[in-house]
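Throughout, numbering of the chain's residues begins at 1 and tracks the sequence. Since the model is a prediction, treat every value here as computed from it, not as a measurement. Remember, it's 1-based here, ligands and their atoms both numbered in the order they're listed.
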Amino acid sequence: MTIAQHKVVTIHYKVSDSDSDELIDSSENGEPMTYLHGAQNIIPGLEQALEGKSTGDELEVTIPPAEAYGERSEDRIQQVPREAFQEMDKVEPGMAVTAQTEQGQINLVITEVEGELVTVDANHPLAGKSLKFSVTVEEVRDASDEEKAHGHVHGPGGHDHD
Ligand code: ZN
């Protein structure tokens, strides 16, 4: 079966930073990843590269930041008063925190603490990186009507609604 809109696709993958060759993530020693094609479940560049591929196909693709997790933006780096973190025992660079905003919950990383000012970065950790993917297509099946309606996969590797 060929990968197209509304197919449920199972892949094994390995992804590394294409500049440094540093391994970022791999499914090799774990469960493969299952996603609903055409529903923006995965980064656009990888979805595009998989379009038209079939079970057993292997591909290697380098995806620029714009088609992956986006460019890094200085606008997403902000300084906030330390008192915003008063519920935390300590506030140190490298710590990941979540914040409630008008747009919902966002993930931040504390990058600097200077006196009463804390610098937080809301860029995705992989923003600005070109990613090199090695992918093997394990399985392709039709999505159920319910999966299409929900925009994600149910069952093994997918959402569990109980
Ligand atoms: Zn669902």
Beyond-backbone contact of N123 with S73, side-chain heavy atoms, under 4.5 angstrom: yes

Assess the side chains of H159 and H150: does a donor N or O sit below 3.5 Å from an acceptor N or O? no

Do H12 and T136 get their side chains close enough for a donor-acceptor pair, meaning under 3.5 Å?
no

Protein N/O/S atoms closer than 2.8 Å to the Zn ion (ligand 1), ordered by chain and number, come to H150 ND1, H152 NE2, H154 NE2, H161 NE2

- Hey, mind stepping through I24 and D17 against side chain to side chain contact (heavy atoms under 4.5 Å, CB included) and telling me if it holds? CA-CA 7 Å; I24 295 167; D17 184 323; 4.1 Å; yes

Across all chains, not counting sequence neighbours, the salt bridge (charged side-chain N to carboxylate O under 4.0 Å, His left out) partners of D89 are none

Backbone of S18 reached by a side-chain donor or acceptor of S16 within 3.5 Å: no

